[in-house]
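Below is one structure, written out as structure tokens, with a few remarks after it.
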Amino acid sequence: MVINNIVSKEKVWELLSEIPDPDIPVLSIVELGLVRDVEVISESNVIVTLTPSYSGCPAMGVFKDDIITALNSSGFCEVEIKISLSPAWTTDWMSDVAKEKMRAHGIAPPEKEPESELRFARQKQVTCPHCGKQETKLVSRFGSTPCKALWYCDTCEQPFEYFKCF
Amino acid sequence: MKTKDALYNFCLRLADNNLVLGQRMAEWCSRGPILEEDLALTNISLDLFGQAETLYEYAVLLKEANITADDLAFLRNERQFYNSLIVEQPNGDFAFTIVRQFLYSTFARLMCEALMNSNDESLSGYATKALKEVKYHFRHSSEWIIRFGNGTEESKNRAQFALNELWRFTDDLFVMNDIDHELISVGISFSLDDIFGQWNFAVQEVLREANLFTPERFNVIKGGSNGIHTEHLGHMLSEMQYLQRVHPGAKW
């Protein structure tokens, strides 16, 4: 029984890592660090713990439905989703592989920013995901989704989105 | 007052601040002065709605009654809302909205920092999460305050006007009642007197950099946390709650 649960747990992680983020479909919810824990109670009963990226992120509702659908269709009839707020989600939980996928998709991945300064923080230049140059500037701290900001590359003269360091 | 009832009411107060300000910011949708700011103001709104939802969900758990977070948002009357007066003030122009955001975000940031040390795990979890977002709002609004103050005569005048108009609502942010005293005594919440000093310091720092002056305390009014509001909240709620009132239980 214990062995079965371990097998099931791996299976659940595998299923979850196939669920894409609706806004950045090249990345899964596991790669983004949104799945914090999987607990297999029995062969049909599983608890998935999620952490929200941003409090108001509308994609959270989509994830929950996708998780339930994916697990139900693989025989986990009872799926419970728990939300964990602490520790708060951070872009540090994203792997280098995930960041590279993001860049290849045309979104600049998060780069470390100085933490202490709150105003007009001297943010280091974000690397343009198109041409790889660093002559870029911030256009707006906010973008098309809560997790992104708008930047512009002075070298290739293209706008691009930057996944905020959070 | 029982701790649980106090905590329920306290959650509503925090959530109502977020919901009401979120609704005000959402009123900017498609009306922003430039596209980037239209996105910024509505993104802030989204964060605030998310924070409100987290707190309403927690309040529902505490209540152990057959209510939902949506009921709390859409089916309570004006006198049952406990938000501070400043967040319900109408948007005015862009400077007015930003000054209101700045004064409130400075408060919300300090509040989150304090609540991270709450011995109530749900509240400290909320505060840890919300702090990251609130810092971003603080940064966005304070940068604009500094630009307004050092920009043109027009931008400076508008920012100073907004500050003068809104200043009388700021004392209301720090009003404590029985709820606070109960929660402070059990280590769930903290004295707002301590936060007031830090708030004043943080606000003055930005105003100095913006070359704006601190207004006189004049015609101060208070009452939000006791459910006593300015005339603006009722009008806002009538628009926000219209659909659920006319078509109860309607789903998106």
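Letters A, B, ... are given to chains in the order of the sequence lines, protein chains preceding strands, and every chain is numbered from 1. Just so it is clear, the values below take in all heavy atoms, side chains as well, and ignore hydrogens, waters and symmetry mates.
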One option among B:I44, B:T128, B:N43 has the most heavy-atom pairs under 4.5 Å with chain A, and it is B:N43
Give a yes or no on whether B:N119 atom CG has more than 12 heavy-atom contacts from other residues, nucleotides or ligands under 6.0 Å away. yes
Whatever's closer than 4.5 Å to a heavy atom in chain A on B:Q51 counts as both
Notebook entry, point to check: So, the side chain of B:K129 versus the backbone of A:T51: is there a donor-acceptor pair under 3.5 Å, distance only?
Noted result: no
Heaviest contributor of heavy-atom pairs below 4.5 Å to chain A, chosen from B:D47, B:L39, B:L131, B:L48, is B:L39
State whether a side-chain donor-acceptor pair under 3.5 Å links A:S86 with B:E121.
no
Rounded to the nearest 0.5 Å, the CG atom of A:L85 sits from the OG atom of B:S124 at a distance of 9.5 Å
query = Charged N to carboxylate O under 4.0 angstrom, A:R141 versus B:E36?
reply = no
Taking a cut-off of under 4.5 angstrom between non-hydrogen atoms, the residues of residues 19-32 of chain A near chain B are none
Looking at side-chain heavy atoms only, is the closest gap between A:W89 and B:K132 below 4.5 Å?
no
(message) Whether A:K164 engages the ring of B:Y136 as a cation-pi pair (distance to the six-membered ring centre under 6.0 angstrom, angle to the ring normal within 45°) should be assessed.
(response) yes
Separation between SG (A:C57) and CG (B:L46), nearest 0.5 Å, reads 7.5 Å
Cut-off 4.5 Å, heavy atoms of chain B, and the answer for A:P87 is neither
With sequence neighbours left out, the residues meeting side-chain hydrogen bond (donor to acceptor under 3.5 Å, both in side chains) with B:E64 are B:K4
Contacts of A:T155 meeting side-chain hydrogen bond (donor to acceptor under 3.5 Å, both in side chains) (sequence neighbours excluded), chain-then-number -> A:E135
If one checks every heavy atom of A:S84 against chain B at 4.5 Å, the contacting part turns out to be neither
Applying side-chain hydrogen bond (donor to acceptor under 3.5 Å, both in side chains) to B:Y58 and not counting sequence neighbours gives B:D120
